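Structure record follows, encoded as structure tokens.
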Amino acid sequence: MPTLLRALCVIVSSAILATTPAFAASKSVEKTTASSKKATSSASKKKTASSKKATSKSAKRSNRSDVKREAIARARRDVQVTRVNANPVNLYSPGVQSQAAVVVNQQTGEVMYERNADQVVPIASITKLMTAMVVLDARLPLNELISITQDDVDTLKNTGSRLAVGTTLTRGEMLLLALMSSENRAASSLSHAYPGGREAFVRKMNEKAQQLGMTRSQFYDPTGLTPRNVATSRDLALMVKAAMRYPEIHQFSTSSEYTFVSNLTGHSMAYRNTNPLVKDPDWEIGVSKTGFINEAGRCIVMQAKINNMPVVMVLMDSAGKQTRIGDVQRVRRWIEETRQAGNLRAG
């Protein structure tokens, strides 16, 4: 009996040991399958979420693009833009942008181009050409020393100056700085050093204007700081032609720069021409003067040879800083390239 029981125990134990690996393997397979399903499910969820997110971003971009296109279309429809261009250059017009102008063949007196040439306008520092002629007509010694005084300080526009009160220069140097660099205190000092003073000087300016036939011109000061100094472009062409007869005005108005030592500080002071074209070797300029106050805009008058023809140019009231120089260049190009094709008068 004990033997039989031991045999039965051995048989049962063997059976249990035989089934255990299968059971373990089954459990392992089940665990692997469950893990695989879980991973697949997670990946699927992530992919779906990513796809939804990308779709959402694409939709947002599309919406923003639509809004932007709609906004641009509305802006273009609602906003009206007026384009401003220079007058076209052709046989009849150099395309200047200055509000008043005249271009004259100095040899023949022919008016080649004009625009508002009879309109009376403030002339700013173009005034200084008349100042120079009055000084030179008086035949006052150019080597006489004169000084800047408190009366020469601008109290109308409150403009500054590097010529401090007490600065002493020769009359010739004051005239040079007035014409070349448009120095207001230098021009003012010339009137105060005139016989009879400033009042007599201004009176001579107006007398000279009448002698030249400048019938619509009026002068109240030697600098041009007052907008009461007025003329027409046609009158100013007469003044430029007259100024060309003075060698000193030719020399001083076309000098590119001048340096002197201040009697007050002992320091060297350099002044340059307000017209950059005087340094251009392609230009042959006889007289040059620029001007600016708010009421006059930016102005320039010149006498120059173009294609060996002496030409007087008066360009008044241009808006931009470089427009007046641009207009001078346009007039030259017009004469060189178009007007030679025929003897046409523009206007």
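All values derive from a computational prediction rather than experimental measurement. Start at 1 with the first residue, then count along the sequence.
- By the rule that hydrophobic residues join a cluster once side-chain heavy atoms approach within less than 4.5 Å of another member, Ile300 and Trp283 end up as members of one cluster.
- When all heavy atoms are compared, the tightest approach of Asn116 to Ala100 is O-CB, 3.7 Å.
- Annotation: the span from Ile285 atom CD1 to Met313 atom CE amounts to 7.5 Å, rounded to 0.5 Å.
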May I have the list of side-chain donor-acceptor pairs in residues 319-327 shorter than 3.5 Å, sequence neighbours left out?
from, atom 1, to, atom 2, distance (Å)
Thr323, OG1, Gly320, N, 3.3
Arg324, NH1, Gly291, O, 3.0
Arg324, NH1, Cys299, O, 3.1
Asp327, OD1, Gln97, N, 2.9
Asp327, OD1, Arg330, NE, 3.1
Asp327, OD1, Arg330, NH2, 3.0
Asp327, OD2, Gln97, N, 3.1
Asp327, OD2, Ser98, N, 2.8
Asp327, OD2, Ser98, OG, 2.6

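- Residues Phe252 and Met180 fail the side-chain proximity criterion, which asks for heavy atoms closer than 4.5 Å.
- Between the side chain of Arg185 and the backbone N or O of Leu163, at least one donor-acceptor pair lies under 3.5 Å.
- Not a single donor-acceptor pair under 3.5 Å links the side chain of Asn229 to the backbone N or O of Phe219.
- At least one donor-acceptor pair under 3.5 Å links the side chain of Asp154 to the backbone N or O of Asn158.
- Looking at Asp235, its side chain never comes within 3.5 Å of a backbone N or O of Val230 through a donor-acceptor pair.
- Relative ring orientation between Tyr194 and Phe201 is described as perpendicular, the plane-to-plane angle rising above 60° on a 0-90° scale split at 30° and 60°.
- The main-chain N or O of Pro310 is never found under 3.5 Å from a side-chain atom of Lys305 such that the two would form a donor-acceptor pair.
- At least one donor-acceptor pair closer than 3.5 Å links the side chain of Ser318 to the backbone N or O of Arg298.
- Closest of all the heavy-atom pairs between Thr168 and Ser147 is OG1-OG, 2.6 Å.
- When side chains are defined from C-beta on, Asp282 counts as touching Arg332, because their heavy atoms get closer than 4.5 Å.
- For Thr131 (side chain) and Pro222 (main-chain N/O), a donor-acceptor pair under 3.5 Å exists by modelled atom type.
- Residue Phe292 is not grouped with residue Leu179 when hydrophobic side chains (ILVMFWY) are merged at heavy-atom distances under 4.5 angstrom, including chains of intermediate members.
- Between atom OH of residue Tyr113 and atom CD1 of residue Ile335 there is a gap of 12.5 Å, rounded to the nearest 0.5 Å.
- Between atom OG of residue Ser181 and atom NZ of residue Lys128 there is a gap of 10.5 Å, rounded to the nearest 0.5 Å.
- Inter-residue side-chain proximity for Met244 and Ile249 is flagged as unmet; no heavy-atom pair is nearer than 4.5 Å.
- Annotation: side chain of Ser233 is not in contact with side chain of Glu114 (no heavy-atom distance under 4.5 Å).
- Arg171 places no side-chain N or O within 3.5 Å of a backbone atom of Val135 that could act as its donor or acceptor partner.
- Residues Gln329 and Leu277 are in side-chain contact: their nearest non-hydrogen atoms beyond the backbone lie under 4.5 Å apart.
- Tyr220 and Met239 fall into different hydrophobic clusters, defined by Ile, Leu, Val, Met, Phe, Trp and Tyr side-chain heavy atoms under 4.5 Å apart, directly or through other members.
- The closest side-chain heavy-atom distance from Val153 to Gln150 is below 4.5 Å.
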Please test Val331 against Met112 for side chain to side chain contact (heavy atoms under 4.5 Å, CB included), starting from the C-alpha separation and ending with a verdict. CA-CA 10 Å; Val331 169; Met112 302 161 67; over 6 Å; no
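- Here the NZ atom belonging to Lys208 is positioned 10.5 Å from the CE atom belonging to Met214, to the nearest 0.5 angstrom.
- Cluster membership for Tyr246 and Met205, using ILVMFWY side-chain heavy atoms within less than 4.5 angstrom, is shared.
- In this structure, the side chains of Val103 and Val311 come closer than 4.5 Å at one or more pairs of heavy atoms.
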Asn273 and Lys279: CA distance, side-chain angles, deciding distance, side chain to side chain contact (heavy atoms under 4.5 Å, CB included) verdict: CA-CA 9 Å; Asn273 202 304; Lys279 295 188 292 185; over 6 Å; no
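- Side chain to side chain, Ser182 and Lys289 meet the donor-acceptor criterion of an N or O pair below 3.5 Å.
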Assess whether side chain to side chain contact (heavy atoms under 4.5 Å, CB included) is satisfied between Asn184 and Ser125, documenting all intermediate values. CA-CA 8 Å; Asn184 292 313; Ser125 286; 4.1 Å; yes
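- In the hydrophobic clustering of ILVMFWY residues, with side-chain heavy atoms under 4.5 Å counting as a link, Val312 and Leu212 come out together.
- In this structure, Met269 CE and Leu169 CG are separated by 8.5 Å, a value rounded to the nearest 0.5 Å.
- Counting only distance, with no hydrogens or angles, the side chain of His192 and the backbone of Arg198 share no donor-acceptor pair below 3.5 Å.
- Separating the CG atom in Leu175 from the CG atom in Leu142 is a distance of 7.0 Å, to the nearest 0.5 Å.
- Across all their heavy atoms, Asp221 and Thr127 have their closest contact at O-CG2, 3.5 Å.
- Using modelled atom types and a 3.5 Å distance limit, the side chains of Ser189 and Asp152 yield no donor-acceptor pair.
- Between Leu264 and Ala164, the shortest heavy-atom contact is CD1-CB, 3.8 Å.
- Judged by distance alone, with hydrogens and angles left aside, the side-chain atoms of Asn206 form a donor-acceptor pair with the main-chain N or O of Val202 at under 3.5 Å.
- Here the closest non-hydrogen pair linking Ala270 and Thr259 is CB-OG1, 3.7 Å.
- With a 4.5 Å cut-off on side-chain heavy atoms, Met133 and Met130 count as touching.
- Heavy-atom contacts from other residues, nucleotides or ligands closer than 6.0 Å to CD of Gln210 number more than 12.
- The two residues Thr254 and Val287 have their closest heavy-atom pair at CG2-N, 4.2 Å.
- The existence of a salt bridge linking Glu336 and Arg333 is excluded, since no basic side-chain nitrogen approaches an acidic carboxylate oxygen closer than 4.0 Å.
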